[in-house]
Amino acid sequence: MADTAPPFEGSRRRAAVSLPLIALAIGLALVAYLVPDARPPALGALALAALVGLIQRGARASRQRNAVKTDASSPLWPNASVKSVVDAMREPAFVLDRNLALRFSNAVGIQTFGNMALGDPIAMRFRAPELIAAMAESIESGEAQMTEYAERAPSERAWAVDILPMPMPGEARPVFFLALFRDRTQMRRLERIRTDFVANASHELRTPLASLSGFIETLKGPARDDPKARAQFLDIMQDQARRMSRLIDDLLSLSRIEMRRRLEANELTDLVSVMRVVAQQAAPTAAEKNLALELTGLEEGEALVNGDHDELVQVFGNLAENALKYGDAGGRIQIGLTRTDETVEAFVRDFGQGIPPEHVPRLTERFYRVEDGSGRVRGTGLGLSIVRNVLIRHNTRLSISSIPGQGSTFSVRFRLRVPGAFEKSQYKS
Ligand code: ADP
């Protein structure tokens, strides 16, 4: 069905006075000029023609105004031009009338919120009093309003909504309104992560700090003259101070990694050398704890991958540290590589307590720790989060497999690189 003419086309300028009237006026003026005897009646007729012209012009303007009104109140409005502008918007947008009935929904609107019948009240789809109140307010005042709208199902989403009156020529008050939804889901999520992070970090630092203050009070008071208690308390205080400094180191590490999210595409690192450094660093603790440290797959020559040597040492160093800390009951630890034609998998395996399956998906969250029932806090809960972030930069991810009572394997798969391949492909014409 064809749309009615758009209001701005209805007001397109046409000759304000009809052509025969102009011709008549020119004729009369010529007669008055050339024939002196006929001048008075010719001038009289000219004045009459001018009057008719003015009346015609007024009538046309009023017709145009009425045309706009009819057009705007037509059930077919918005017209094709308005629809195409609203449809071109990348965010959900709806045209509403003064009764808050839906007149048009753009494609993104339908895709995001589902199909709504034209003419239905918008409140049938958006059951949010605040949103409807903002729309009503815009209609009442004729001014733009801004509000927020959120949905919990099927997933949590949040929008900033602008309600914008659509001014039209010839209409004193806006007849139509554009409700424009701008997606704020990601922004809200990041805000929540940031506030959670600050709350968690402060909590983690406050616990050892409170314990330090407590011991200082005791040492100044009741334990002042008790050398045995003093030595014991000082040991605990040293532990807490170390814990705080470890936390701060991990937090700094995490923020440094998050700032450098991109890795140079042509940076090559030998995973064999990475895993050897990790094993060297782990050896003293392994010996201290009487754990056998087994290296596997490191003797087959270099395994080049796209990556940063120091960051990969940090990744596998963290995994080895965890294996020594949480997997020591198994008596041995494996650090190694498994190759296929095109890939290499680097892994750290222990044969200790393992991890209950419900915790595995959450291990890389910041500050996430599995309670071991002893009530002792052993780590910062940031190690695996650092690992995860470094691996995102390396275009890969951490796989965790664990069987409670039998141990855990933390592994990362990389694509093998050929030295010089990148440079060659760069200059290939
Ligand atoms: P943390 O500093 O606490 O070690 P991580 O992020 O490195 O932080 O590890 C998160 C949690 O995962 C640890 O607190 C521990 O409960 C669990 N975990 C990590 N590695 C192992 C492992 N090899 N065996 C058993 N549990 C582990």
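Nothing fancy with the numbering, it's 1 onward along the sequence. Start at 1 and go down the list; that is how both ligands and their atoms are numbered.
Between Tyr368 and ligand 1, a contact under 3.5 Å exists for no N or O pair. At least one N/O-N/O distance between Val370 and ligand 1 falls below 3.5 Å. No N or O atom of Phe410 sits closer than 3.5 Å to an N or O atom of ligand 1. For ligand 1, one of its N or O atoms has an N or O atom of Asn322 under 3.5 Å away. Considering backbone and side-chain N/O of Gly327, none are found under 3.5 Å from N/O of ligand 1.
If you look at Glu321 next to ligand 1, there are no close heavy atoms at all, none under 4.0 Å. Residue contacts with ligand 1 for Asp350 involve side-chain atoms from C-beta outward but no N, CA, C or O (heavy atoms, distance under 4.0 Å).
Atoms CD and CG, from Glu345 and Leu337 in turn, are 9.5 Å apart once rounded to the nearest 0.5 Å.
Ion pairing of Arg182 with Glu148 is absent here, as no side-chain N (NZ or NE/NH1/NH2) approaches a carboxylate O to less than 4.0 Å.
Nearest protein heavy-atom neighbour of atom 5 (P) of ligand 1: Leu384 N, 3.5 Å. Nearest protein heavy-atom contact of atom 12 (O) of ligand 1 is Leu363 CD2, 3.4 Å. Among all protein heavy atoms, the one lying closest to atom 26 (N) of ligand 1 is Ile355 CG1, 3.4 Å. Annotation: atom 2 (O) of ligand 1 to nearest protein heavy atom, Thr380 N, 2.8 Å. Protein heavy atom closest to atom 24 (N) of ligand 1, with residue, atom name and distance, is Tyr326 CB, 3.4 Å.
By the neighbour-count criterion of 12 heavy atoms within 6.0 Å, atom CD of Glu300 is densely surrounded, having more than that number from other residues, nucleotides or ligands. More than 12 heavy atoms of other residues, nucleotides or ligands sit less than 6.0 Å from atom CZ of Arg98.
Ring-plane geometry between Phe215 and Phe233 is classed as tilted, the angle between the planes lying from 30 to 60 degrees on a 0 to 90 degree scale. Under the 30°/60° scheme for interplanar angles, the aromatic rings of Phe126 and Tyr149 are found to stand perpendicular. Taking the six-membered ring where the residue is Trp, His394 and Phe414 present perpendicular rings, their angle passing 60° and hence far from 30°.
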Show which side-chain atoms of residues 276-292 pair as donor or acceptor with protein atoms under 3.5 Å away, not counting sequence neighbours.
unit_1	atom_1	unit_2	atom_2	d
Arg276	NH2	Leu298	O	3.3
Lys289	NZ	Leu324	O	2.9
Lys289	NZ	Asp328	OD2	3.1

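In terms of modelled atom types and a separation under 3.5 Å, the side chain of Asn106 and the main chain of Glu91 share a donor-acceptor contact.
Among Gly381, Pro404, Gly383, the residue whose heavy atom lies nearest to atom 1 (P) of ligand 1 is Gly381.
Listed by number with element, the atoms of ligand 1 under 4.0 angstrom from any heavy atom of Arg369 are 3 (O), 14 (O). Close contacts of ligand 1 with Leu382, meaning ligand atoms under 4.0 Å from a residue heavy atom, involve 6 (O), 8 (O).
Aromatic pair Phe181/Phe94: centroids less than 6.0 angstrom apart.
Put simply, part of Lys325 is less than 4.0 Å from ligand 1, judged by heavy atoms.
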